[in-house]
Protein chains: 2
Amino acid sequence: MIEIKTIEFARPLAGSAGNAVYAELKRQIVNLELPPGTPLSEKEVSVAFNVSRTPVRESFVRLAQEDLVLVLPQRGTRVSLIDPEMVLEAQFMREQLERAVVRLACRDFPEDLLAELNRNLALQKECVQRHDTRRMFELDEAFHRILFEGCRKLGTWSVIQQMNANLNRSRILWLSTDPQWTPLYEQHRDMYEAIVRRDEAKADRIMQEHLSLSIANLPVLQKKFPNYFK
Amino acid sequence: MIEIKTIEFARPLAGSAGNAVYAELKRQIVNLELPPGTPLSEKEVSVAFNVSRTPVRESFVRLAQEDLVLVLPQRGTRVSLIDPEMVLEAQFMREQLERAVVRLACRDFPEDLLAELNRNLALQKECVQRHDTRRMFELDEAFHRILFEGCRKLGTWSVIQQMNANLNRSRILWLSTDPQWTPLYEQHRDMYEAIVRRDEAKADRIMQEHLSLSIANLPVLQKKFPNYFK
DNA sequence: AGTTCCATGCTACCATACAAGTATGGTAGT
DNA sequence: ACTACCATACTTGTATGGTAGCATGGAACT
């Protein structure tokens, strides 16, 4: 039996039912509330969300396109297992793109967003002290997002986000086991300073080290959660 | 009235009907057989393909996710216009990733695929003489694909392909107006030689120049086909 | 005991009917 | 002539019934 929290239809329009189901399922999948391997059936989900099978099926199609679920014709649908190979490739892509962006940021970055980075850093510092893992994860994402925004590469960021669903799941796993945020905060801070000083080489180097941390212990995660990986 | 070629259902299984409709629509869109802005209705397409609305709708959902069509609720669906902003970003992403890959290729590349690159180059040379634009386009894609394959980054390649649907449409436009393949062939050849000689810097530089050609005349295309762009 | 076969219940897939929102053209009123 | 209104014919969104394919378990046979 699957446990799926029903959607809040209180607000008159969170888009169509299909969108709502899609968004909620995706959220639960990347948060590992629906662990990899969980069987999903159109019917069960439809009764859980109190909609018909059509919008559920629609959401399955979209999730399948992002490799978040695996549809086996006439057999069933399951939350897809995390493919370590894909995690590594996603890491590769993200590294190349983020390094390029941070180099761009050193050449030109708007003042207001620079200030926003600074505010973000202050919040991060607080979270590190409070050990607020959840919030820190959000701030981390926001920090990188602002970098892309400042370089007018938000489309690139959204592509990364979409493609990185698998990488994100492993990152969620990671923070559930080893929440050492202090070095990450320091790297963010150093990156900020490098951008201010327009030191491309240094910013590039820090970003490289920074992102390599995310998957440093992928093998450890595989051994700790063998059922979640392919 | 829309003209859509009916699918060949001769072979018993080209996947599900939904997949078939999706694949065929996508092909026609990226080939500009369905120009940007063309209105598509679920009903019309369903009768054209001789299936019900359900699989058509399914394909619309997938195409919308790739920004190839634009669905306006209760109003209609159209082949999406090409967004120049997105074309530039796609170009940016592709440049970063391909340069990184070609540098990797200089460090390590399997012998058999190196031979395949060589065969590909020979075919390109023929096509340049024959002015076989269509085939040359395929060979160009294959050449770059082999690079990713040799670096074990095929997942990255497929992501690029998906994301680059818009970029590809503008590239198709481009070759319809200015089919000068000779310099492209020479760049491919020089890249091959740089890989063989493990000259990372040179390979990187050539790739950069090579990819910049694709969008050098984007503004020209915009003026020539204003209806196709956003 | 071990193997083959088939009934049963499951799944995703597809077709169809209905609902709800939107653009359009004609009409009545000013 | 112009404007406001409304019937109508579209559109996408949703619900539901039926179909074909697959897994499972039990029965029949060797």
Side-chain angles (χ1 to χ4, degrees), chain A residues 1-2 4 6-25 29 34 36-81, chain B residues 1-2 4 6-9 11-25 29 34 37-81:
Chain A
M1 185 53 188
I2 316 172
I4 297 181
T6 56
I7 309 176
E8 277 301 325
F9 280 113
R11 43 187 176 178
L13 191 63
S16 63
N19 276 326
V21 173
Y22 163 75
E24 178 61 12
L25 277 182
I29 291 176
L34 289 173
T38 306
L40 298 175
S41 90
E42 291 180 359
K43 189 165 189 175
E44 275 193 65
V45 176
S46 70
V47 301
F49 282 88
N50 198 28
V51 295
S52 80
R53 301 200 313 273
T54 304
V56 173
R57 177 176 174 72
E58 185 178 306
S59 70
F60 279 15
V61 168
R62 296 172 68 181
L63 293 170
Q65 188 127 335
E66 304 180 44
D67 275 319
L68 285 178
V69 305
L70 184 63
V71 178
L72 300 93
Q74 291 14 323
R75 308 212 304 152
T77 302
R78 307 179 303 156
V79 178
S80 68
L81 300 179
Chain B
M1 183 53 191
I2 316 171
I4 296 180
T6 56
I7 310 176
E8 277 299 327
F9 279 114
R11 43 188 176 178
L13 192 61
S16 63
N19 275 326
V21 173
Y22 163 75
E24 178 62 11
L25 277 183
I29 291 175
L34 291 173
T38 306
L40 297 175
S41 94
E42 293 179 357
K43 185 160 189 175
E44 274 193 67
V45 176
S46 70
V47 301
F49 282 88
N50 197 29
V51 294
S52 82
R53 273 184 51 211
T54 304
V56 172
R57 179 172 174 74
E58 182 179 308
S59 69
F60 278 18
V61 168
R62 296 172 67 181
L63 293 170
Q65 188 122 333
E66 303 180 44
D67 275 318
L68 285 177
V69 305
L70 184 65
V71 178
L72 300 94
Q74 278 38 315
R75 308 198 339 145
T77 301
R78 307 180 303 157
V79 177
S80 68
L81 300 179

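The shown structure was predicted, so the numbers you read here are calculated from the model rather than taken from an experiment. Labels below follow one simple rule: chain letters A, B, ... track the order of the sequence lines, proteins then strands, and each chain is numbered from 1.
- A:Glu58 places its CD atom 11 Å from the P atom of D:dA15, with the value rounded to the nearest Å.
- Residues forming a side-chain contact (heavy atoms from CB on, under 4.5 Å) with A:Pro36 (at least two apart in sequence, or on another chain): A:Leu32, A:Leu81, A:Ile82, A:Arg169, A:Tyr228.
- Across the protein-nucleic acid pair, A:Lys43 atom NZ and D:dG17 atom P stand 10 Å apart, rounded to whole Å.
- Here the P atom of nucleotide D:dA9 and the CD atom of B:Glu44 are 17 Å apart, to the nearest Å.
- When the side-chain nitrogen and oxygen atoms of A:Arg57 are compared with OP1 and OP2 of C:dA12, none of them lie within a distance under 4.0 Å.
- Contacts of B:Arg53 classified as salt bridge (charged side-chain N to carboxylate O under 4.0 Å, His left out), with partners at least two apart in sequence or in another chain: B:Glu42.
- One interatomic measurement links the two molecules: CZ of A:Phe49 to P of D:dA15, which rounds to 13 Å at whole-angstrom precision.
- Proximity of A:Arg62 to B:Val61: side-chain heavy atoms (C-beta onward) are separated by under 4.5 Å at one or more points.
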* Asked: Using a cut-off of 4.0 Å between protein heavy atoms and nucleotide atoms, how would you tag nucleotides 15-21 of chain C 5' to 3' with B, S and -?
  -> BBBB--B
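- Nearest heavy atom pair, residue B:Ser59 against residue B:Gly18, reads CB-O, 4.3 Å.
- Summarising the geometry, the separation between CG on B:Asn19 and C1' on C:dC13 is reported as 11 Å, rounded to the nearest angstrom.
- Atom CG of A:Leu72 is separated from atom C1' of C:dC13 by 14 Å (rounded to the nearest Å).
- With sequence neighbours left out, the side-chain contact (heavy atoms from CB on, under 4.5 Å) criterion links A:Glu66 to A:Tyr22, A:Lys26, A:Leu68, A:Gln162, B:Gln65.
- In this view, B:Val69 and B:Ile29, B:Leu40, B:Leu63, B:Ala64, B:Val71, B:Thr77 satisfy the side-chain contact (heavy atoms from CB on, under 4.5 Å) rule, not counting sequence neighbours.
- At least one side-chain nitrogen or oxygen of B:Thr77 sits closer than 4.0 Å to the OP1 or OP2 atom of D:dT12.
- For the OP1/OP2 pair of C:dC13 and a distance below 4.0 Å, the side-chain nitrogens and oxygens of B:Ser16 include no atom meeting the criterion.
- If you measure from atom CZ of B:Arg78 to atom C1' of D:dT12, you get 15 Å, rounded to the nearest angstrom.
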